[in-house]
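Lettering of chains follows the sequences in order, A, B, ..., and the numbering in each one begins at 1. Because the structure is predicted, anything quoted here is derived from the model rather than measured.
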2 protein chains.
Amino acid sequence: MDIVQQIRDKGLKATPARQLVYAELTRSHMAYSHAELEALFLDIDRVTLYRILKDFEDAGLVHKVFDTQGSTRFAICHHTCPGKHHAENHVHFNCNDCGRMFCLQAVQTPEINIPGGFRVAGMHTLIYGSCEKCNQLTDKNEPTDKIQEVIV
Amino acid sequence: MDIVQQIRDKGLKATPARQLVYAELTRSHMAYSHAELEALFLDIDRVTLYRILKDFEDAGLVHKVFDTQGSTRFAICHHTCPGKHHAENHVHFNCNDCGRMFCLQAVQTPEINIPGGFRVAGMHTLIYGSCEKCNQLTDKNEPTDKIQEVIV
DNA sequence: AAGTAAATGCAACAATGTTGCGTTTAAGAT
DNA sequence: ATCTTAAACGCAACATTGTTGCATTTACTT
């Protein structure tokens, strides 16, 4: 479906900045930090970017996650989320080397039993290690200048 | 073992502030935010508290975790951690109502297989919902050991 | 093409965390 | 017990991340 239409369907105006952000999130399926997006779209105002991400989250277009450093990241919603209450129950992967964060859509969060009087509402599963690209670099001793493609 | 000695064994001086913080973390087995500790120990300087927590973490006395809001929290290490490289592989529980965070020492993070070229180094498992105390406030007839389905 | 609510840009503020530096103190040595 | 000194502390200043108020601009409806 058209990106413009997807944004409008959530009751939001499809401004140029919103189209750029949404297109990038849709294209890459990565969880971006605010800093990464800011670097990618230099002409989008800092505050506007915060508001776009907040609006997208409230609209159910993107979901917010935290990486191993506790930094906020945003990724596209794969299932149609009904507004603020997201149903993203997949696992995320955070690369220790390049810092990028991946949505593993195919991997569901596992079932887990916990003792005591806790009432479970949901869970977050964050796996960390090295992504494929960083694996290959260290394993095969490739020159580091090939990393420049990697967004930190 | 004596709290003073445990701190000294890590090469740190057992100052009054450090003893207070370490004693509280040991006593409660909860993961405290900086704000919670600051409120608890009003006479410990803000910066000193940051440094105490950092020193404890580097020494392997406490481990750092993030709650569902992405806020930093610190909890006592149950296993003897060899310095900065922690081996805390248990599950954490964050109460949506009171905001407190619990270390579920008895619950290990589950095994999980992920596709692709990812090399897994570890994982964080954060479960959220209502803690026993908050449960009891809203509904009194919930069996405490009942295991609920994990949804997200 | 015009009207209007929504979105933007800017400045200021707030929360959280870090750094530099002079002073104080814990803990081993005398 | 006192001395010595590296470690720890307290304070101020700075850095980063995120929020709010408000005047201006723009997307979308009619």
First and last nucleotide of DNA chain D, 5' to 3', lying under 4.0 Å from heavy atoms of chain A:
D:dT17 to D:dC28
Among A:His90, A:Arg73, A:Met30, which residue meets the side chain to side chain contact (heavy atoms under 4.5 Å, CB included) test with A:Cys103?
A:His90
Contacts of B:His34 meeting side-chain hydrogen bond (donor to acceptor under 3.5 Å, both in side chains) (sequence neighbours excluded), chain-then-number -> B:Glu38
Taking salt bridge (charged side-chain N to carboxylate O under 4.0 Å, His left out) as the cut-off, I'd like each qualifying pair that reaches into residues 18-32 of chain B, sequence neighbours left out, listed once.
B:Arg18-B:Asp55, B:Glu24-B:Arg27
Measure CG/B:Leu37 against P/C:dT16 and give the value in whole Å, please.
13 Å
Who passes side-chain contact (heavy atoms from CB on, under 4.5 Å) against B:Glu111, sequence neighbours left out?
none
Taking only residues two or more places apart in sequence or in another chain, which ones pass side-chain contact (heavy atoms from CB on, under 4.5 Å) with B:Ala17?
B:Thr15, B:Ile44, B:Ile52
Residues two or more places apart in sequence or in another chain: which of them pass side-chain contact (heavy atoms from CB on, under 4.5 Å) with B:Phe118?
A:Phe93, A:Phe102, A:Leu104, A:Cys131, B:Ile114
Using a heavy-atom cut-off of 4.0 Å across all strands, would you classify B:Arg18 as base, sugar-phosphate, or nothing?
sugar-phosphate
Please state how far atom CG in B:Asp55 lies from atom P in C:dT18, giving the value in whole angstrom units.
12 Å
Using atom CZ of B:Arg46 as one end and atom C1' of C:dT19 as the other, report the distance to the nearest whole Å.
12 Å
Nucleotide by nucleotide, 5' to 3', does protein get under 4.0 Å of the base (B), only the sugar-phosphate (S), or neither (-) in nucleotides 20-30 of chain C, counting heavy atoms?
B----BBS---
Go through the structure and list residues passing side-chain hydrogen bond (donor to acceptor under 3.5 Å, both in side chains) with A:Tyr128, not counting sequence neighbours.
none
Using the C1' atoms of five pairs at each end, what's the angle between the two axes of the helix from C:dA1-D:dT30 to C:dT30-D:dA1, to 10 degrees?
30°
Which other residues belong to the hydrophobic cluster containing A:Met101, where Ile, Leu, Val, Met, Phe, Trp and Tyr are joined when side-chain heavy atoms lie under 4.5 Å apart, directly or via other members?
A:Val65, A:Leu126
Could you tell me how far apart A:Leu49 (CG) and C:dG9 (P) are, to the nearest whole angstrom?
10 Å
A:Asn89 and side chain to side chain contact (heavy atoms under 4.5 Å, CB included): which single residue from A:Gln108, A:His124, A:Met123 fits?
A:Gln108
Whole angstrom value for the distance that separates P of C:dT18 from CG of B:Asp45
14 Å
In this structure, how many angstroms lie between the C1' atom of C:dG9 and the CD1 atom of A:Ile44, rounded?
13 Å
How would you list, by chain and number, every residue that makes a side-chain contact (heavy atoms from CB on, under 4.5 Å) with B:Val47, sequence neighbours excluded?
B:Asp45, B:Arg51
Please report the distance, rounded to the nearest Å, between CZ in A:Phe56 and P in C:dA6.
17 Å
Under 4.0 Å: is that the gap between some side-chain N or O of B:Thr72 and OP1 or OP2 of C:dG17?
yes
Spacing of B:Leu53 atom CG relative to C:dT16 atom P, expressed in whole Å:
14 Å
Check ring pair (Phe, Tyr, Trp, His ring centres under 6.0 Å) between B:Phe41 and all other residues, then give those that pass, not counting sequence neighbours.
none
